[in-house]
Each structure stands twice: as C-alpha cells, then as structure tokens.
Amino acid sequence: MSVTDIVFILTAVVTVGSAVVVVVSRSLIYSVFSLLFTFFGVAILYVFLGADFLAGAQVLIYVGGILVLLLFGVMLTHRLYNLNLTTERFQPIAGTLIAAAVFASISLAAFKTKWKLVGEKELEPTTQQIGEAFLSSYLLPFEIASVLLLVALIGAAMLVRRRTDV
Amino acid sequence: MNLGNLDSLNFFYPELILLGGMLLVVISDISLKGLRVRINPLLTLAALLLALFYTLQTDHGSAMTLFEGMLALDNFALYFKVFLLVAGILVLLGSLHSEELAAVHQGEFHALLLAVTLGMLLMANSAHLVMLYLSLELVSLTSYIMVGYLRSDRLSNEASMKYILFGAVSTGAMLYGFSLLYGMTGSLDLFAIRDALLAQEVVGFNQVTLMLVVVLTTAGFGFKTAAVPFHFWCPDVYTGAPTPVTAFLSVAPKAAGFAILVRFFLGGLSQPAGGQWGFISGIDWPLVLIAVSVMTMTLGNIAALTQNNLKRMLAYSSIAHAGYILMGAALLTGTGLKAMLVYLFVYLFMNLGAFFVVTVIFNSEKTFELQDYNGMFRRSPFLAVAMSIFLLSLIGIPPFAGFLGKLYIFGAVIDQGLYWFALVGALNAAVAAFYYMRVMKHMILENDDRPPTPLRISALNVALLVLLLVPNILLIVFWSPIDRWTANSITLFGGL
Amino acid sequence: MIELKYFLLVSACLFSLGVFGVLTRRNAVNVLMGVELILNSANLNLVAFSRYSSVGIDGQMFAVFVIVVAAAEVAVALAIVLTLYRVLNTVNLDRADVLKR
C-alpha cells in the first residue's frame, strides 16, 4: 500500500465519517461544523482526481460561502441565548431503510457497472482549460448561470426585506 | 446543422428580449419611483409580446443545434416556446387586477415572471445535460421565490419552504442520475449520449444502472410535472401561493417539465424506429411511464373528491391532468406525442380560466372555500357561466375544448391497442366529473338566505375571461389548425 | 493510482447519507445540509468520471455550475427560512403545518 493509498483512505474515512455526524448529530452547530470536514474532504478528493480549480472553488464557495450562510441561518433562527440547539428526528426507521436501499443499489452499480473508461490521462492544470471552455463551448451556460445568480439576488433581497412599501 | 456562439444569436432573439426586458424592469423599479407601477407591467407585456412575435417569425428551415450544441432548435421546441410565452402573457394579464398581489409591491414580480419565462424557453430547448440542469434550476429557483411572494403571509411562506426543500432534493437526485449517465457514456450531450448507448449495446448490469438513471432523473422531471410519487409538494404549494402564481405553476412549468421529459427520454435514451421510439436497453420503460400515469391521474382525482377548498381541489385536479398528459408521452409514438401537445394546448386555456375565476372571486370575497361560492349565479351570472364552461371543459364534455384533448389522448392510446389504459383514463374522467360538478352545483343551484349582492369585476378581468372562454368554446370547431400545428411540432432534433 | 470505483463508493456513501438526513430531519437548515451532501456526492461522481471516463473536462465544467447553483439555492432557501421564522418563530417542518389542517 503506497502513501497515496493511505492518504486516500484517511480522506475518505474523514469525509464519510463527518457526513455521518452531519446527519445523526442532535446539535445543529455540530452538524454545521462537521459539514466543514466533509467539504474539505471532498476538496482533497478533487485534488486526487486532478481537478485543482474545482478543489479551490470547493473550498472558497462551499466552505467560505455556503457553510457560513448555513451558520448564519442557524444563528439567526435561534435566539442566541437559547443554547439548546437540538433537532428532533422523525421517521427514523423508514428513513434508515430507504437510505440503506439507496446505498445498496448505487454502490452495487458503482462496482458492477462497466463504466466507460478512456485510460490514463496526464495530470495537468485545469484552470486554463476551464476558462477557455467558459468562453467557448460553455458560453451560454455561463451566461445563464449569471442570470440565475441575479434572480437569486433579487429574490433573496425581496424576501427578507422589511415591509416598508405596503 | 450545428451553429457556433455568434451565429446562434440570430435564432436567440426571444430569449434576449426577455432578458433585456427583465433588466429594464429591474432598473425602472429602482429608478422610477412614481411611474414604475404603471410602466413595469407594460414593459413586461411588451417584452413577452415581442418575444412571441420573434418566436413566430423564427424560420429555422431544418432542426439544428445552437451555441455549440447546448440548445436544440426544432419544431418541438418552437411549439413549447409559443405555448410558454402565451401562458406568460395570460398570467401577466391575470395578475394585474389581483388583490392578493396588489398588497405587495409588484416590481420584482414582473422581473421574476420574465426570468422564469426565459428559463422555461431554455428548458424546452436544452440538448445538453448542463443546460438542462441550469434551466431547470433557473425555473425552480424563480418559482420558489414567486410562491413565497406574500412574505408576511404564513401560508405563502410555508408553501415556499416546502417547495424549495422538495425541489432541492429531487433535483439533487436527478443530478446524481445525470452523473451516472455521464459515467456510462463519457458525454453530456444528449445526442452523443444516445449514440454512445447505441454503440455499446447496453447489456448485463449496465441495464440495471440505466434503470437507476431513469428512476433518479424521473425524480427531477416528476417534481416539475407534479407526477405521482413526486407530487407531495403540489397541493400545499398551490394552496399557499398567490392565486395568479398558482395558475402559472399549474400550467407553464408543468408543460416545460413535459418538454424536458420528452426530450430527455426520447431524444437521449431512445431511438426512432419506424414511427415509434424504442427504448435502448431491454427494459420495458414505457410500462413504467404508463404505471406513473395511471397512479398520477387516479390519485389526483380521488384526492380531489373530498376537498372543500377550491384552490386545493384545482391543485389535485391539475395532478390528475398531468396523468392524462403523461398518457400521451408514455406511448412513445408520434400520435401519442401529438395528442400530448393538443391536450397541453387546451389545458392551458381551461385550467388558467378556472384559476382566474377563483382569483376574481377572491378579490371581493377573500375566500377559497366552496360553501362561500353558494349563490354565485345570482350574484354574477357571467362568472358562474364562465366557471361552468371551464369546468365542463376540464371534465371533457363536448362541445368544449377539453373534449378535443381527451379525444386525441384516448384515440392515440386505443390506436396502440392499450384498451385497458384507455378504460382507466375514461373511468378517471368519470370520477373527475363528480367534483367538478360539485363546484357547479354550489355556484348555481345552492343559495344562501342572504340577498344576492352583485359581484363587481373589473373590465380587464372580464376581457381576460372572455379571451380565455373563446378558445374553450371555438376550438372544437376550428380544430384543424391545431391539428396541423401539433402534427408539425412532433419533429424532434435527431428524432422522427 | 486509485481506482474509479473507490471514488464512486465514497460518493455513494455521501448520497445515501444525504438521503437519510433529508428523510429523518425536520429542521429546515438540517434538511438543507442533507441536500448539500447529495450535491457534493453528485459532484464527486462528475469529477471522477471526468478523470476516468471522458476525453474532455465536461464533468468538471458541470461540477462548477452545480457549485454555483448550490450557492444560489442556499441563499434563497435561507431567505425563505428567515422569512418563515419571522412569521412563525420556528424552522421545524412539522410545526409549519397550517396547510395540512
């Protein structure tokens, strides 16, 4: 077993382990913080896959943006002096059964399917390729994504604004 | 023919106009303090009309792809573009004199309406998984915001919350399905995916994986079309949203969802074989669609029977209608597809009509409860008669347009020799007649003791209702243009 | 070099944990975390297949767009959560049940 393998296994264990904490922990704050480790773990897995730009984006957007937003959500929706940030669960048995069935079917698919394989590819920096793709074959999705962000901006601002104009 | 980015712009005017209109509305909303209330609806209407004009002008010769294969422009896409723009215009007109929306400032509503229409046009066109995902998310995200538009209203907020959580989960599942498909074929382009699947002869475990892909992606499309078992959000969201938004959601994103479903399954996972599409692997995929269709209409109709809130009843009825529409898609034939398009077209007018009557009555009565509709005939004969026509059309009773839709759908089903399927559909239509008739009974036959006070309707709303009544009454006579148009519209890029 | 299937296994774990979280949690923020797990698993799949199964970098491009959409979705979702909280003073889904009646 090489060092790479060991690092991979460690990363995978941390990623999945913290994801388990996210979904079973009764404390919202614990959930958010272990989500941090999941996101970081996924970013490291991206590095294993030679996706350097995505690893960076994952850290910047998921950890820096989405996670902070979620933390805000937790903080703002609980009065700060109320330290009892627990969540109750419902339908635990049905949920476990469905999740187990889903896991069985997709992991079986992962191992038994004959995926298309193109052979070994050189590891090379992807930032330039991604940038070029944004401005050539992915130009339209790029623009539509900007419309989507604009809509989200308008919508989010509209929803949380205090009622001043009514 | 595959066009690059610059050449594609010539065929992209409708979308560009909608985008420009949206930006103008946003700008006028923050800069023109007094005028904006008058100008924004006009701007929105102008953008929608202009986009419709250019869509009708589009002469694309033969089917082609735009923007390096991101969009497919074919007759099928054009049909849906016209459909969605008409729906957008009608909903805009219906929202102008709605007391629910008037309570909140309107600027964002118009910007959002244009954005969601843009998203839906792109949905009908998408030929690439990235575009499919992005346009679906653009539509979903905008719909979540529109549902939560009445931000001080508890129902509206709850509905929006349920909608976004359901939507996020189902599109997440769809995305996972896309990723598996990418792994099997190494491509994100729908037509390349089909070619790859055809080339490698899906055998062994890959069949199971492809089935998994189908199930996961159906979660996403099923969410948009509100098909059972992905319909849970639908009654709550439709009840909680402002009524014009409900009317919009029950027609336009649903139709776009059907467009994307047909394009994904027929364009991506099936191959044309002599007037009929065959699914690539050996799994009996149409049977799955037929099962979903039967479940959807049965469940929708049975749940609608016991509803006393008219908005909620119409929500269940729209689930049932999704089932009928799915009947056409499930056949995987040209006639089935055509029947689906005809049904969608008449559904647009009858369903929007029913919802607008509800809007108008809510304006003065502030209620959606069925018993409050008692004696409506004596108070406003016009509204009662209009509602009756829309409901009779929804049942499918001749001579109204709904009959035409049912005729085409059942005809296509019988054409395929699926008599039991047609029978289930007919039984469902009979069950549906009960609850639609119940509404009419309350409006016309039952009177309360109060003296009938006339109901005031604004002139614009009367005009709009007449506009919606005309196709419901006249389509049965002038059905041949619709027949020709839809027959022309089933040509899919790379399909039949 | 690590084989493709191990990445897929990790992503399968994340996906089913996300499904579990979505099904068993009733706090809206918690459900959103489950959704993020699902999106991350799909992204991991896309990037892995982009490395092993595809000639170009289509999968990575898709993943970038997914991240963008996820950020927008979370922003809107939290705006809705905040509005609901303002009206209702709770974010637990089973208490948001006027609609059930």
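First the proteins, then the strands, lettered A, B, ... as listed; each starts at 1.
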The reported gap from CE in Met131(B) to CZ in Phe65(C) (rounded to nearest 0.5 angstrom) is 9.0 Å
Please classify the contact between Leu175(B) and chain C as side chain, backbone, both or neither, with a heavy-atom cut-off of under 4.5 Å.
both
Of all the heavy-atom pairs spanning Gly172(B) and Leu39(C), show the shortest one and how long it is.
CA-CD2, 4.1 Å
Go through the atoms of Ala12(C) and report whether side chain, backbone, both or neither lie under 4.5 Å from a heavy atom of chain B.
both
Under 6.0 Å between ring centres: does that hold for Phe62(C) and Tyr182(B)?
no
Can you spot which of Val66(C), Leu46(C), Val47(C) makes a side-chain contact (heavy atoms from CB on, under 4.5 Å) with Ser179(B)?
Leu46(C)
Could you grab the distance from atom CD1 of Ile80(C) to atom CG of Asn157(B), nearest 0.5 Å is fine?
8.0 Å
Which bit of Leu138(B) comes within less than 4.5 Å of chain C, counting heavy atoms only: side chain, backbone, both or neither?
neither
If I take atom CG from residue Leu84(C) and atom NZ from residue Lys162(B), how far apart are they, to the nearest 0.5 angstrom?
9.5 Å
Report the C-alpha distance between Leu216(B) and Phe15(C) in whole Å, list the side-chain angles of each, state the deciding distance to 0.1 Å, and finish with yes or no for side chain to side chain contact (heavy atoms under 4.5 Å, CB included).
CA-CA 12 Å; Leu216(B) 286 170; Phe15(C) 184 77; 4.2 Å; yes
What's the separation between atom CG in Leu188(B) and atom OG in Ser50(C), rounded to the nearest 0.5 Å?
9.0 Å
State the CG-CD1 distance between Leu32(C) and Ile164(B), to the nearest 0.5 angstrom.
7.0 Å
Distance check, rounded to the nearest 0.5 Å: Leu180(B) atom CG versus Leu8(C) atom CG?
8.0 Å
Residues Ser54(C) and Gly186(B): closest non-hydrogen pair is CB-O, 3.5 Å
Correct closest heavy-atom pair for Leu141(B) and Glu73(C) would be CD1-CA, 3.8 Å
Derivation and outcome, side chain to side chain contact (heavy atoms under 4.5 Å, CB included), residues Tyr176(B) and Ile38(C):
CA-CA 8 Å; Tyr176(B) 201 85; Ile38(C) 292 178; 5.6 Å; no
Please classify the contact of Val76(C) with chain B as side chain, backbone, both or neither, using a heavy-atom distance under 4.5 Å.
both
